[in-house]
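This report concerns only the one structure given below.
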Amino acid sequence: MAILLADCNNFYVSCERVFDPKLRKRPVVVLSNNDGCVVARSNSAKKLGITMGIPLFKVRDIVDANNIATLSSNYALYGDMSARVMGALREFTPEVEEYSIDEAFLSIDGDADRAAREIRLKLYKWTGLPVSIGIAQTKALAKVANHLAKKADGGVYAVTGGNVEVILDSLPVGEVWGVGRQYEKALRSRGIESALQLRNMEVGRARRLLTVAGARIVEELRGTSCMPIELAPPARKSMVCSRTFGRTVETLRELREAVGTFTISAAEKLRRHGLATSAVSVWISTNPFTLDEPHYSNSATAEVAFPTDSTHELLGLTLAACESLYRAERKYKKAGVMFAGLVPASPITIRMFDDERGQRLQRVSEAVDKINRKHGRDTIRFAASGLKCGWQTRADRRSRRYTTNWGELVTVG
DNA sequence: TCTGGGGTCCTAGGACCC
DNA sequence: TCTGGGGTCCTAGGACCC
């Protein structure tokens, strides 16, 4: 049995290119919310020196000089394309772990190399997306293999007992899955610079230095699997909705509208997942990059007496929290709402102590969801979200929702 | 002028209890 | 005046991932 890691190449950029062929001849980057940072790059954009996560304004000159296409992110499109990819993978085996929007681990019996090549061809045919596949005995090694598959002819690479030492020896330790910037620094300062050196580290030492995560990585690099494939996603524990504003917000009225909007959308998501929340947090923050004004950020948490999924009830809590955090004379740039302590929204947990009014409000939330699902987002809205929304996130270069909205289909001719 | 959003896990240390 | 030891639970902060 082998573990395969299928990872879509430059996923967001590739999704855009499927529907706009003109983008295939140009370097392309996709931007984070608010058109702030680069979150996906075509290979050609990578070669021009655009790094992951860089703020757009810092590479403005490279972008202009090379006619790089810059797109706002289009999550409706990427989410839908992801579902198609995952569906296609399940045609080959039910043993699929959806690891992220653009990656999945698969467990394959028999000729893994042959299966990988077939999966890759079919996926391209069915979705138009190029995928690379790494093959190995453990997840961490499959990640390493995938890294090499990105550059390999045919987009498939297998790490085996025979080649593993050579490969790990030439891989910088910071490229290993689970080794971030801090861990890399800690390892390098002790002379551990390659993945091979990390693999050869004493497990106890790795644990002391990098906690149990480090111990697991060492074991996995040695070929001992300690991160099994998870076929069912574990229950979600928290849910967040937060945004950076398109401009600063100074009035309590606007801040309340923003927090109200985030609450409404997080509550919708709560009900979609059949969950209820038992703790609600709100945070607000000024721009941390502005040096001439003092930075202010603060958060407040409210416990909910009985877990709830009612927008009305949640709005009461988050708006009160928002008011308690608000300080006049500040320029707010970001706010967010988090629901934690999520539990299944069974009738008992939610409604045992509800009065008639509570049940009516419950039905209001459900009715709003139903209407919006049927007739499109924001057909009906709560007044708390405001009407003008001058603070709204910028997304000036968003492509169309080609696959999820009838009004935005591709037109031919 | 312009700097994303949404998650999880682990640990240390304090509070509290017997 | 002397002043234990062990256990659990919770939280904040830090690390990681995409």
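Just so it is clear, the structure is predicted and the values come from calculations on it, not from any experiment. Below, chains carry the letters A, B, ... as their sequence lines are ordered, and counting in each starts from 1.
- Of the side-chain N and O atoms in K143(A), one or more sit less than 4.0 angstrom from OP1 or OP2 of dC18(C).
- No side-chain N or O of T138(A) forms a donor-acceptor pair with one of S225(A) less than 3.5 Å apart.
- Across the C1' atoms, dG4(C) and dC16(B) are found 16 Å apart, a figure rounded to whole Å.
- Remark: T211(A) is not in phosphate contact with dC9(B), judged by side-chain N or O atoms under 4.0 Å from OP1 or OP2.
- Among the heavy atoms of the strands, none lies under 4.0 Å from D35(A).
- Salt bridge status for E219(A) with R207(A): absent, with no side-chain N to carboxylate O gap under 4.0 Å.
- One interatomic measurement links the two molecules: CG of L342(A) to P of dG6(B), which rounds to 14 Å at whole-angstrom precision.
- Taking side-chain N and O atoms only, R216(A) has no distance below 4.0 Å to OP1 or OP2 of dC9(B).
- One finds no side-chain N or O of K269(A) lying less than 4.0 angstrom from the OP1 or OP2 phosphate oxygen of dG6(B).
- Among the nucleotides dC18(C), dT3(B), dG7(B), the one closest to the side chain of Y99(A) is dC18(C).
- Ion pair E118(A)/R114(A) not flagged as a salt bridge, since none of the NZ, NE, NH1 or NH2 atoms sits closer than 4.0 Å to an Asp/Glu carboxylate oxygen.
- Note on ring orientation: taking the six-membered ring where Trp is involved, the planes of Y296(A) and Y332(A) are perpendicular (angle over 60°, cut-offs 30° and 60°).
- dG14(C): Watson-Crick or G-U partner is dC9(B), with both key distances under 3.5 Å.
- Checked options R17(A), E16(A), K46(A), K150(A); the residue passing with N10(A) is K46(A) (criterion: side-chain hydrogen bond (donor to acceptor under 3.5 Å, both in side chains)).
- In this structure, F245(A) places its CZ atom 14 Å from C1' of dG4(B), rounding to the nearest Å.
- You'll find that the side chain of K237(A) is closest to dC9(B), out of dC2(B), dC9(B), dG7(B).
- Take the nearest nucleotide of DNA chain B for P55(A) and for V240(A): the residue whose nucleotide is more 5' is P55(A).
- Distance, H273(A) NE2 to dG6(B) P: 13 Å, rounded to whole Å.
- Of the candidates dC18(C), dG4(B), dT3(B), the closest approach to any side-chain atom of N33(A) belongs to dG4(B).
- Note on T244(A): a side-chain N or O is less than 4.0 Å away from OP1 or OP2 of dG5(B).
- Regarding contacts with the backbone of dC2(B), every side-chain N or O of R60(A) stays at 4.0 angstrom or more from both OP1 and OP2.
- We find that CG of L210(A) is positioned 11 Å from P of dC17(C), with the value rounded to whole Å.
- Checking dC18(C), dT3(B), dG5(B) against every side-chain atom of K334(A), the shortest atom distance belongs to dG5(B).
- For dT3(B), one of the phosphate oxygens OP1 or OP2 lies less than 4.0 angstrom from a side-chain nitrogen or oxygen of K333(A).
- A salt bridge is absent between R216(A) and E220(A); no separation between the charged side-chain nitrogens and carboxylate oxygens falls under 4.0 Å.
- The nearest whole Å value for the distance from the CZ atom in R207(A) to the C1' atom in dC10(B) is 12 Å.
- Not one side-chain nitrogen or oxygen of K185(A) sits closer than 4.0 Å to the OP1 or OP2 atom of dC16(C).
- Put simply, OH on Y183(A) is 7 Å from C1' on dC16(C), counting in whole angstrom units.
- When the nucleotides dC10(B), dT3(B), dG7(B) are ranked by their closest atom to the side chain of V212(A), dC10(B) comes out on top.
- Closest to the side chain of M239(A), from the set dG4(B), dG7(B), dT3(B), is dG7(B).
- The side chain of Q182(A) sits closest to dC16(C) out of dT8(B), dC16(C), dC10(B).
- Picking from dG7(B), dT3(B), dG5(B) the nucleotide with the shortest atom distance to the side chain of R236(A) gives dG7(B).
- Atom CG of N34(A) is separated from atom C1' of dG6(B) by 16 Å (rounded to the nearest Å).
- Taking the six-membered ring for Trp and thresholds of 30 and 60 degrees, Y12(A) and Y75(A) have ring planes more than 60 degrees apart, a perpendicular arrangement.
- Rounded to a whole Å, the CZ atom of F105(A) is 9 Å from the P atom of dC18(C).
- Between S238(A) and dG6(B), a side-chain N or O to OP1/OP2 separation shorter than 4.0 Å is absent.
- Between the side-chain ring of F289(A) and the base of dT3(B), a stacking contact exists by the 5.5 Å and 30° definition.
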